[in-house]
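What follows is a short report on a single structure.
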Amino acid sequence: MGGRMGGRMEGASARPRRRKAVVWLLAGCVVWTLAVVIWAAVALLSPDSPPPEEAVERRAAMHHEQHHPDLRFYVPTYAKTHKDGTSVLRYRVGDSDDSGVADFLRTYDITAEPRRTGPSEEKYADRFGGVRRTVMVVYAQPADGEGHFDSAARITVRAR
């Protein structure tokens with residue numbers, strides 16, 4: 001009889017350990033589930049961070065919201081802020097009235113007079129909102145006999 005009773009005691013003492021383990025396992029599952037739900041809520045409800053190009057555009061006073069937010073804007077092909085704090089943006093524009101250098105200058109409120117720096121280059125320097133901008137326009141073809149450019153262009157904006 002002593003052997004049987006000892007067996008019952010061993011089984012009885014093992015059950016509370018199993019129950020304790022199950023309780024801890026369930027508690028861990030509940031905590032994990034809550035953590036996943038909170039993470040999902042934060043991920044879905046928090047606003048997306050803007051792309052890094054947008055910060056460079058704002059620093060250079062070339063972001064569309066700084067000018068005419070309801071109108072058009074140009075997307076830079078390159079945007080970077082250098083270690084010295086100079087923001088550099090590069091754009092490509094076509095040769096039409098809808099997407100040309102004149103429209104680009106009008107869109108970003110660049111009113112400075114151009115200075116010819118080469119047969120197919122013009123330079124503009126202005127200030128906008130405390131930011132000094134230098135705009136270099138390099139046309140695909142040199143100017144015609146009257147000094148007008150009728151070609152696509154690469155535009156580089158440096159701002160500090």
Side-chain angles (χ1 to χ4, degrees), residues 21-160:
V22 169
V23 167
W24 279 107
L25 179 66
L26 289 175
C29 288
V30 167
V31 168
W32 183 83
T33 303
L34 283 173
V36 168
V37 167
I38 291 170
W39 172 81
V42 168
L44 293 174
L45 298 176
S46 63
D48 292 336
S49 60
E53 295 85 14
E54 197 166 310
V56 177
E57 286 180 291
R58 286 186 188 281
R59 189 172 290 122
M62 296 295 287
H63 192 268
H64 63 277
E65 291 176 355
Q66 293 171 310
H67 298 279
H68 310 286
D70 53 331
L71 298 177
R72 61 186 293 122
F73 62 92
Y74 289 82
V75 177
T77 58
Y78 173 88
K80 189 171 184 180
T81 300
H82 292 251
K83 291 179 183 176
D84 66 354
T86 303
S87 297
V88 178
L89 297 153
R90 292 191 184 118
Y91 300 87
R92 289 190 184 275
V93 296
D95 58 353
S96 67
D97 291 337
D98 188 40
S99 172
V101 174
D103 181 63
F104 181 88
L105 297 173
R106 182 176 49 254
T107 298
Y108 293 107
D109 301 314
I110 299 168
T111 58
E113 289 296 318
R115 193 176 58 146
R116 179 85 46 96
T117 57
S120 61
E121 296 178 2
E122 287 181 329
K123 184 178 183 179
Y124 299 81
D126 75 344
R127 282 182 119 26
F128 185 85
V131 176
R132 193 176 84 229
R133 301 183 294 188
T134 303
V135 180
M136 179 66 75
V137 181
V138 179
Y139 293 92
Q141 299 172 2
D144 61 14
E146 297 177 11
H148 296 103
F149 293 100
D150 289 329
S151 67
R154 291 186 331 260
I155 299 174
T156 302
V157 178
R158 292 183 179 277
R160 200 142 209 268

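Because the structure is a prediction, the values reported are computed rather than measured.
In summary, of the residues considered (Val56, Ile155, Thr77), a side-chain contact (heavy atoms from CB on, under 4.5 Å) with Leu89 occurs for Val56 alone. For the side-chain contact (heavy atoms from CB on, under 4.5 Å) test with Tyr108, the passing option among His63, Gln66, Met62 is Met62; the others fail.
Counting all heavy atoms, side chain and backbone alike, Pro76 lies closest to Glu57 at CD-OE2, 3.5 Å. In terms of heavy-atom proximity, Ser87 sits nearest to Thr81 at OG-OG1, 3.5 Å. Between Ser151 and Ala140 the shortest heavy-atom distance is OG-N, 3.3 Å. Scanning both residues, Thr111 and Asp126, for their nearest heavy atoms gives N-OD2, 4.3 Å.
The shortest distance between side-chain heavy atoms of Lys123 and Thr134 falls below 4.5 Å. Looking at His68 and Asp109, their side chains come closer than 4.5 Å, going by heavy atoms from C-beta outward. Between Arg160 and Asp84, the closest side-chain pair of non-hydrogen atoms falls below 4.5 Å. The closest side-chain heavy-atom distance from His67 to Phe128 is below 4.5 Å.
Using a 30° and 60° split on the angle between ring planes, Tyr74 and Tyr91 fall in the perpendicular class, above 60°.
Remark: Arg58 pairs with Glu54, Glu65 by the salt bridge (charged side-chain N to carboxylate O under 4.0 Å, His left out) rule, at least two apart or across chains.
Judged by distance alone, the side chain of Thr86 and the main-chain N or O of His82 form no donor-acceptor pair under 3.5 Å.
Separation of atoms CZ (Arg90) and NZ (Lys80) is listed at 10.0 Å; rounding is to 0.5 Å. With values rounded to the nearest 0.5 angstrom, Arg92 atom CZ is found 13.0 Å from Phe104 atom CZ. Rounding to the nearest 0.5 Å gives a distance of 15.5 Å between CZ of Arg158 and CZ of Arg133.
More than 12 heavy-atom neighbours from other residues, nucleotides or ligands sit within 6.0 angstrom of CZ on Arg116.
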(request) Please lay out, stage by stage, how Leu105 and Tyr124 fare under the test side chain to side chain contact (heavy atoms under 4.5 Å, CB included). (result) CA-CA 10 Å; Leu105 297 173; Tyr124 299 81; 3.4 Å; yes
(request) Could you please spell out the steps behind the side chain to side chain contact (heavy atoms under 4.5 Å, CB included) verdict for Asp150 and Asp95? (result) CA-CA 6 Å; Asp150 289 329; Asp95 58 353; 6.0 Å; no
(message) Is there a side-chain hydrogen bond (donor to acceptor under 3.5 Å, both in side chains) between Tyr139 and Glu122? Walk through the geometry before answering.
(response) CA-CA 8 Å; Tyr139 293 92; Glu122 287 181 329; 3.1 Å; yes
